[in-house]
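Contents: one structure, followed by commentary.
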Amino acid sequence: MNANILIVDDEKNIREGLRLVLKKDNHTVFLAPDGSEAISILKNNEIDLVITDLKMPNMDGENLLAYIMKDFPGIPVIVLTGHGTVETAVKAMRDGAYDFLTKPLNIEKLSIIVERALSKRLLEIENRKLQSKLSIYFGNLIGKSERMASVLNIVEQVAPTKASVLVLGENGVGKELVANLIKDLSTRNDKPFIKLHCSALSESLLESELFGHEKGAFTGAVKSKKGRFELADGGTIFLDEIGEISHTIQIKLLRILQEKTFERVGGESTLSVDVRIIAATNRDLKKEVDEGRFREDLYYRLNVVQVVVPPLRERKDDIPLLISHFLLELCRENNKSIFEITNKAKNALYNYSWPGNVRELRNAIESAVVLTKDAVIDIDDLPPHLRGEEDGVDYMKIKMPVKMDEIEKQAILFTLKLSKGNKTMAAELLNMNRKTLYTKLNEYEYEKHEAIIS
Ligand SMILES: Nc1ncnc2c1ncn2[C@@H]1O[C@H](COP(=O)(O)OP(=O)(O)OP(=O)(O)O)[C@@H](O)[C@H]1O
Ligand SMILES: [Mg+2]
């Protein structure tokens, strides 16, 4: 990074010495003999890094540091301290300095610390740009790939309506974030937003959670209790893992969707609510319907608008952004200052196929942040299974047990991904007759699926 660096010291020799060193590294250098001049330079230039002495006439380094922390909190400050004044350095660090250097200066150490501080600065600038560009529309959802843009397009369109939304996608792709965003962009954003993981509860518990119960409805029902639908009245309910609910609950949900009415468990009176429903699942819900496990009428009611969140391996453009986002977030959370990921590590993160999607990526960065001993994340800090895929080999992961035709389907779809949708090439790679491939793709409703998400 070519940076603007401000050097503040009352000793001319030190200023000039530092200037020579930093100029050699292609940085633009600004000089000030004290804090007050430093401030006027800060106000008039885009400074990326300040290196300041502590003891100076007019305004000293401590006051300058406090001023920068308050008015330019993104600019890292390195303080210079005289020999034997470690306590002052420690205090400056506590007050927010990025690092310190003791005089006489060790040039090599200086360069390393400067580069590190600048990577931190760069990361913050990137992140701020990203935030200001994306946050208005995307909330917490990071992404710039075309695939995510079309997801967000649908989200923006559907959010202000009352339509039920079905969010589909593999584990960890961000379905819950999408649901949050729909709520945030809706006219109900200041109304209750109730979430329920349908798979976490037994059928009877789920029923009483959703619809509430009257006192004495079952053993243990010592008081009557409102259900989530009542709590969500006027607002939005998010039913996560909807693919897991039993037939009995499916019927009750259908009724709420059709008539907006229900009864509490053990209750006589019919209650009525106005609730917008967002549901999510990582199952292929259409298939659940075809195979008789999920009611078709409920499926159509939930599926008024469908949002398919694509897996991370199909939107690799998003990986670099996600990495820098998670790195900043996790450094903050873990009180660490890691400001660099080596290219080798970046490549490994990019090339991996991420079966666990964004959640898995976040976890990988988290473990690297926690485990690394220095301020740099290198390939060795990444989970072992991520390190091997640098050779560009693709692997398919299949959850066992599995039916043979499912293996075939996965292999075909995966190969199509590798061939970027080119069917002739895919047929060749699979050593499969093109016609057979087309027939299979028809069976999988490949075109329809692609149309929804692309
Ligand atoms: N686009 C994104 N930008 C930033 N963070 C993301 C993004 N997508 C997912 N995440 C993060 O990844 C993790 C998983 O996201 P989320 O819980 O929304 O996924 P999910 O699809 O609901 O997963 P599951 O199928 O396991 O329920 C969360 O920590 C979330 O904050
Ligand atoms: Mg989820």
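Hydrogens, waters and symmetry mates play no part in the numbers below; they use all other heavy atoms, side chains included. Whatever order the structure lists them in is the order used to number ligands and atoms, beginning at 1.
- The backbone N or O of K252 lies less than 3.5 Å from no partner atom in the side chain of E207, so there is not a single donor-acceptor pair.
- Protein residues are said to neighbour a ligand when one of their heavy atoms lies under 4.0 Å from it; for ligand 1 these are N140, L141, I142, E170, N171, G172, V173, G174, K175, E176, L177, N282, L322, F326, V358, R359, R362.
- Using a 4.0 Å cut-off between charged nitrogen and carboxylate oxygen, D233 and K191 do not count as a salt-bridge pair.
- Taking the charged nitrogens against the carboxylate oxygens, E263 and R255 do have a contact shorter than 4.0 Å, which makes a salt bridge.
- For the pair E209 and K225, the salt-bridge criterion is met [side-chain N within less than 4.0 Å of a carboxylate O].
- Between R264 and E230 there is a salt bridge, since a side-chain N of the basic residue sits under 4.0 Å from a carboxylate O of the acidic one.
- The aromatic ring centres of Y352 and H385 sit less than 6.0 Å apart.
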